[in-house]
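Worksheet for the structure shown next.
Note on naming: letters A, B, ... go to the chains in the order of the sequence lines (proteins, then strands), and numbering restarts at 1 for each one.
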There are 4 protein chains.
Amino acid sequence: MLKSAKRARSAEDKSLKRDLILNTASQLFDDSPDTLPTAAAIANHSGIAKGTVYLYFKSKEEIFLALLEQHYQAWFSDIRSAITADKPDSDEIINALCHYIESQPQFFQLASLSSSIIEQNVDSKILLEFKKRLVEIITSASKDLAQRLDLDEYETCAQLLMRSYAMLLGLWQVSHPPEKVAKTLDNPNLTLIQPEFGLEARDALAQLWHGYVGQKGAKSSGRFWKIGNLFAKTE
Amino acid sequence: MLKSAKRARSAEDKSLKRDLILNTASQLFDDSPDTLPTAAAIANHSGIAKGTVYLYFKSKEEIFLALLEQHYQAWFSDIRSAITADKPDSDEIINALCHYIESQPQFFQLASLSSSIIEQNVDSKILLEFKKRLVEIITSASKDLAQRLDLDEYETCAQLLMRSYAMLLGLWQVSHPPEKVAKTLDNPNLTLIQPEFGLEARDALAQLWHGYVGQKGAKSSGRFWKIGNLFAKTE
Amino acid sequence: MLKSAKRARSAEDKSLKRDLILNTASQLFDDSPDTLPTAAAIANHSGIAKGTVYLYFKSKEEIFLALLEQHYQAWFSDIRSAITADKPDSDEIINALCHYIESQPQFFQLASLSSSIIEQNVDSKILLEFKKRLVEIITSASKDLAQRLDLDEYETCAQLLMRSYAMLLGLWQVSHPPEKVAKTLDNPNLTLIQPEFGLEARDALAQLWHGYVGQKGAKSSGRFWKIGNLFAKTE
Amino acid sequence: MLKSAKRARSAEDKSLKRDLILNTASQLFDDSPDTLPTAAAIANHSGIAKGTVYLYFKSKEEIFLALLEQHYQAWFSDIRSAITADKPDSDEIINALCHYIESQPQFFQLASLSSSIIEQNVDSKILLEFKKRLVEIITSASKDLAQRLDLDEYETCAQLLMRSYAMLLGLWQVSHPPEKVAKTLDNPNLTLIQPEFGLEARDALAQLWHGYVGQKGAKSSGRFWKIGNLFAKTE
DNA sequence: AATGAATGAGGATTCATTCAT
DNA sequence: GATGAATGAATCCTCATTCAT
C-alpha cells in the first residue's frame, strides 16, 4: 500500500500514477487470477482513493485492457527479437512465442477473459483503437518474418502468427482450468485434455509451422526450419 | 412460456423436464449470447418454478455444462461419421470439424465461456465426470482416426484432434467479438485479427494437419491427405 | 424493527408485507422529510432483507408513489365526504381540502418531491396507470360536486378541484422551506413569502372558489357559498 | 467551450466571468431540464477550471439560485410594466404573469426544483438574503398594484400575487411531467391532470383574481377588471 | 486568481440459491 | 415433487468540493 503524497501535475507524474494503478491491478489479479479485482481493492492497495482510479481509466476493465496491451507489446517484442536475431531458426521463434506466455501466465489469463469479460465492458472507441494498435504490431512482426523467410508478401506470415496465437490461446484454456478446481482435475486420465502447456504448445506450434512450410514450399533456407526436429523430441 | 403442471413421476417424465430446461436455456442463450440467461428467466420461460430448476441441476452453470456436453457429443458424432465414412479424406474431416461449429454457433459461444465462467461455478465432482466423458469421446474418435490412417497408436491422433479444437476455439474467440461491439469493429483494417471464421478455420486446420502428416510420415495412403489442395485454393 | 417470521404465501400475507414496507417507508420519511430514505434503511427497519423489498416494489421510488397514492385516496375520500355531507357548504369543503393536508404533512411533502424526484425514477407504465387512477378519483369527486351544485356538467368542477390542488401545492412549497433552513428563515419579514400554510390555504381557496361562483353564476343555492364569509374573517 | 485565459482582475472582469458561468449553466440546464448539470460540465463548457467555479459560487446550487433570481427579477419587471402601463386591465397583467413563464420555461423548471433540490444545498445565509430581496421585489410590485387599484393597503395585493405565483407553480408541476415520461403520458384521458399550461394558467388566474375583486368590493374602477371576460372566452 | 488532481462518501439493484409450505 | 418467497452478498461509478501548486 504505497502512499504517493503529492499530486501528479506533470505528465510524467501522471504516467507514474497510471503505472502505479496498473501494477497494483496486476498484482491483485495474480493473487486470484480467475476474477478481476474490484475497483475498491485496486484503489486501496494503490494507496489512492477510488475516484482517483477513474481519473486514469474510464472503467475497471480498461485497466486490464491496458495491462493486456502491455503484454501483447512485450510478447511481440520478444517475438521480433527472435525473428530478427542473427541466425534464427523456427525453433527459436517458437520458443519465443511460448516462453513469454509461460513466464507471464497473467498474459493468457487475461487474454482468456478478454472476449468474455474485458471487451464487454470497454468503450467501443477505446476497444477499436486498441485493436488497431494490435494489428500494427502483428503486421510489423509479420513483415520481419517475411523478410527472414525471403518472402515477398507478409500476409501468410501474419496468418501464421495469428493462427499460432489462436492455437496457444486455445491450448491455454484447455490446459488451465479455474484454480479452484485445478486440484480435483489433476488426474492422469485427463492429460489428454489437460496437457502440460509448455510442451504441448511447442509441439503443436511446430506442427503448425511445419504445415506452413510444407504448403509454402522451400523458398526459404532449409536451415531455418528445424520444426521437424522439435516434434521428434516429444514423440 | 409453457405450462406443464403435472409432476415428473416417471424417469421419462424427469428426463423430459430436464430437456425442457435445457431447451429453454438454449433458446435464451441464443437470444443474447454474451451472457448466460438468469435462473429466473429459464424457469419462467420453461413454465416452471425457480426451485424446480434446482431439482434438476445443482447450479445454473451446470445447465450450460450439460448443453455444452450435448454439443461436444454431436460434434464428435459428426467427426466420427466423417472419419469412418466410406472413403474419407482429410478435407472431409476438416469440413466436419468446421461445419458443426458454423451451423451451431452456440457451441463455441458456450465453449468460450467455459473456462472463464461455466467451469468456475460447477461442482468439482460434476466437472471431473464431465471431463472424463469428454476424454472418452475424444479417445474413441482418435482411435477411429488412427485406424483410418493405419496407425498403431492413437495418441498422436488424439493430440491432433485436441490441437484442432484448441485452434478452432482460439480462432473463434479472435473472430467473434462481443455482439455490442461487433458493429464498431466491422472494419476492413481489422480483417487480420478478425477473419471470417469459416474460411480461416478450414485453412488453418489444413495447415495443422499438413504439419501432422509431414511429421508423421506417409504411412497412410496418399489419397487421404488432400489438405494441401485445400490450402492451395485459398492461397 | 419488526420480525415477520413466516413467508407470505397467501395474497393476504403478501398484502400485509407490502403494507409493512409502506409503513416503514412512511415512518422513515417522516423522520427526515427532505430526502427519500434509502432502500437499505427501509429493509432494515422492516426486519426484512433488501432483496425482499424489490419483490414488492420495482424501485424505491415506487414505494413512495404508492404512499402518495394512498394519500390522494384518503384526501379525496375526505373531500367527497364533505361534498356529500348532509348540508355542506363551501367552507366545509375547503376545510376538508386543507385539513387532511395539515394533519398529514407527509402528503404534500411527497407531492412536492413527486415531479422532481419520484416520477423521474418510476417506470412509465406504472406511472401511467397511477395517473389514470388519479383521474378517476378526481372525476368522481368532481361529479359529486357538480351534483351538489346542481350543475349539468362536471368539467368545471374538476377544473376547480385541480386548481385548488395546484394552489395548495404551490402554497405548500412556498411555505415549507427545507427543514434545515427553516429556522434561519423564521423571520417576520418573510411572512409574505412564507405564510402559515393553514390560514393562507383556506383564504386563498376561498378566493379561488369565490371567483368560480362569480363566473359560473348563481345557479346553485346561495346557502352553499359561504366563501365570502371565510375570506372576511382573515381580512 | 470558450477559452478565456486571462484573469478577472477588475470588478467588471469578475462580473463577466460570473455571467459566463451563469450563462453556461443556463444553457446546460435547458439541454436537460430534469436535473441540474454537473459542476464539471459547467466548468468545461465555460472553458474554465472546476475550482474557478467555486471562486464565484459557494456551491453548485447557488448558481441556479442566482439564475432563479434573475428570472424572478425579469418576471416582476414584466409584471410591474403591465401594472404601471398606461391603462392596464386585469387581463393584461394576467397575461404578463403567464407570458414570461411560457417564453422562459427554464424559470419554472428551476422554481420547481427550488424547494426540493436547490434550497437544500444553499447556505442558509445566502438563502435568507435571497428571500429578503424577493420580498422587496414582490412588495414593490404589490404597491404598484395597490396604487393602480386605488387601495390604501398593499398587503392583499401582495397576497394576490403570491397566490398567483403559487397557483402557477402548482399548475406548472401538474402540467409538466419529467421529459422522459412526457410521451407516454401524452394521453387524451389525462388532459384533466395534464392541462395545457398556458390556457389553464390564464383561466385559473382569472378565476382567482375574480374572487379577489369579488371579495374586496368594487373600490377600483370597473374598467380594470376584465377577468370575467377572459374567463368567458375559454368557457 | 486560476488550476485540476484528488477525494471518498454514497446507494440502488440483481440474482443465484435455499427452504418453508 | 413442486413452489416461489426470502435472502443478502456483491460492487461500480459519479460528482460536489477541496486544496496543493
Side-chain angles (χ1 to χ4, degrees), chain A residues 4-10 13-14 17 35-44 47-61 121, chain B residues 4-9 13-14 17 36-44 48-62 121, chain C residues 4-10 13-14 17 35-44 47-61 121, chain D residues 4-9 13-14 17 36-44 48-62 121:
Chain A
S4 80
K6 68 176 177 180
R7 298 189 174 189
R9 302 290 293 197
S10 69
D13 285 347
K14 284 198 213 174
K17 188 155 279 187
T35 50
L36 301 185
T38 68
I42 296 171
N44 283 339
I48 61 176
K50 254 183 301 189
T52 309
V53 173
Y54 288 88
L55 290 180
Y56 292 85
F57 298 93
K58 275 208 281 294
S59 75
K60 192 184 70 164
E61 281 76 13
N121 295 66
Chain B
S4 85
K6 69 174 174 183
R7 296 189 177 181
R9 249 173 278 270
D13 282 349
K14 275 172 102 166
K17 192 159 278 187
L36 300 185
T38 68
I42 296 170
N44 282 339
I48 62 177
K50 252 184 301 186
T52 309
V53 173
Y54 285 86
L55 294 176
Y56 292 85
F57 296 93
K58 274 210 281 295
S59 77
K60 191 184 70 164
E61 281 76 12
E62 228 169 74
N121 294 68
Chain C
S4 79
K6 68 176 177 182
R7 294 188 177 190
R9 301 293 289 200
S10 69
D13 284 348
K14 283 198 213 171
K17 190 155 277 186
T35 50
L36 300 185
T38 69
I42 296 171
N44 283 339
I48 61 176
K50 257 184 299 191
T52 309
V53 173
Y54 287 87
L55 290 180
Y56 292 86
F57 297 92
K58 275 208 282 296
S59 76
K60 191 185 69 164
E61 281 76 13
N121 293 68
Chain D
S4 84
K6 68 176 176 183
R7 297 191 177 178
R9 248 173 279 271
D13 282 348
K14 275 171 104 165
K17 190 158 280 188
L36 300 185
T38 69
I42 296 171
N44 281 341
I48 61 178
K50 253 186 300 189
T52 309
V53 173
Y54 286 86
L55 294 177
Y56 292 85
F57 296 92
K58 274 209 279 297
S59 78
K60 190 184 70 164
E61 281 77 10
E62 228 168 77
N121 294 67

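Between D/K58 and the phosphate of F/dT17, there is no side-chain N or O to OP1/OP2 separation shorter than 4.0 Å. For the OP1/OP2 pair of F/dA5 and a distance below 4.0 Å, the side-chain nitrogens and oxygens of C/K14 include at least one atom meeting the criterion. Taking side-chain N and O atoms only, D/Y56 has a distance below 4.0 Å to OP1 or OP2 of E/dA2. Contact annotation: C/T52 side-chain N/O to F/dA5 OP1/OP2 distance is not under 4.0 Å.
Atom NZ in D/K60 sits about 12 Å away from atom C1' in F/dT17, given to the nearest Å. As rounded to whole Å, 14 Å separates atom C1' of E/dA9 from atom CG of D/N121. Here E/dT14 presents its P atom at 16 Å from CZ of C/F57, a figure rounded to the nearest Å. Rounded to whole Å, the distance from CG on A/N44 to C1' on E/dG8 is 11 Å.
Contact annotation for D/T38: backbone-only contact, meaning every heavy-atom pair under 4.0 Å involves sugar-phosphate atoms and none involves a base.
The backbone N or O of C/V53 sits nowhere less than 3.5 Å from a side-chain atom of C/K17 that would complete a donor-acceptor pair.
Of the candidate nucleotides F/dT17, E/dT21, E/dA6, E/dT21 has the atom lying nearest to any side-chain atom of C/R9. Of the listed nucleotides (F/dA2, E/dA20, E/dA16), E/dA20 has the atom at the smallest distance from the side chain of C/R7. Distance from the side chain of D/A49 is smallest to E/dG4 among E/dT13, E/dA12, E/dG4. Each of E/dT3, E/dT18, F/dT3 was ranked by its minimum atom distance to the side chain of B/L55; first place goes to F/dT3. Considering only side-chain atoms of B/K17, the nucleotide from E/dT17, E/dA12, F/dA2 that sits closest is F/dA2. For D/Y54, whose side chain is taken as the heavy atoms from C-beta onward, the closest listed nucleotide among F/dC13, E/dA2, F/dT18 is F/dT18.
Take the nearest nucleotide of DNA chain E for D/G51 and for B/A39: the residue whose nucleotide is more 5' is D/G51. Residue C/L36 is the one, among C/L36 and B/E61, whose nearest nucleotide of DNA chain E lies closer to the 5' end (criterion: closest heavy atom).
Of all the heavy atoms in C/S59 and C/Y54, the pair that sits closest is CA-CE2, 4.0 Å. Taking all atoms of both residues into account, the shortest heavy-atom contact from A/D13 to A/S10 is N-OG, 3.0 Å. Across all their heavy atoms, A/K14 and A/R9 have their closest contact at CE-O, 3.9 Å.
When side chains are defined from C-beta on, B/K60 does not count as touching B/N121, because their heavy atoms never get closer than 4.5 Å.
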Dot-bracket line, read 5' to 3' along DNA chain E, where crossing pairs take [ ] and | marks a partner on another strand, Watson-Crick or G-U under 3.5 Å: .||||||||||||||||||||
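Rounding to the nearest 0.5 angstrom, the gap separating the CG atom in C/L55 from the CD1 atom in C/I48 is 8.5 Å. Taking OG1 from C/T52 and CD1 from C/I42, the interatomic distance works out to 13.0 Å, rounded to the nearest 0.5 Å.
For E/dG10, its base sits under 3.5 Å from the side chain of A/K50 at one donor and acceptor pair at least.
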Pair B/E62-B/Y56, side chain to side chain contact (heavy atoms under 4.5 Å, CB included): steps then yes or no: CA-CA 10 Å; B/E62 228 169 74; B/Y56 292 85; over 6 Å; no
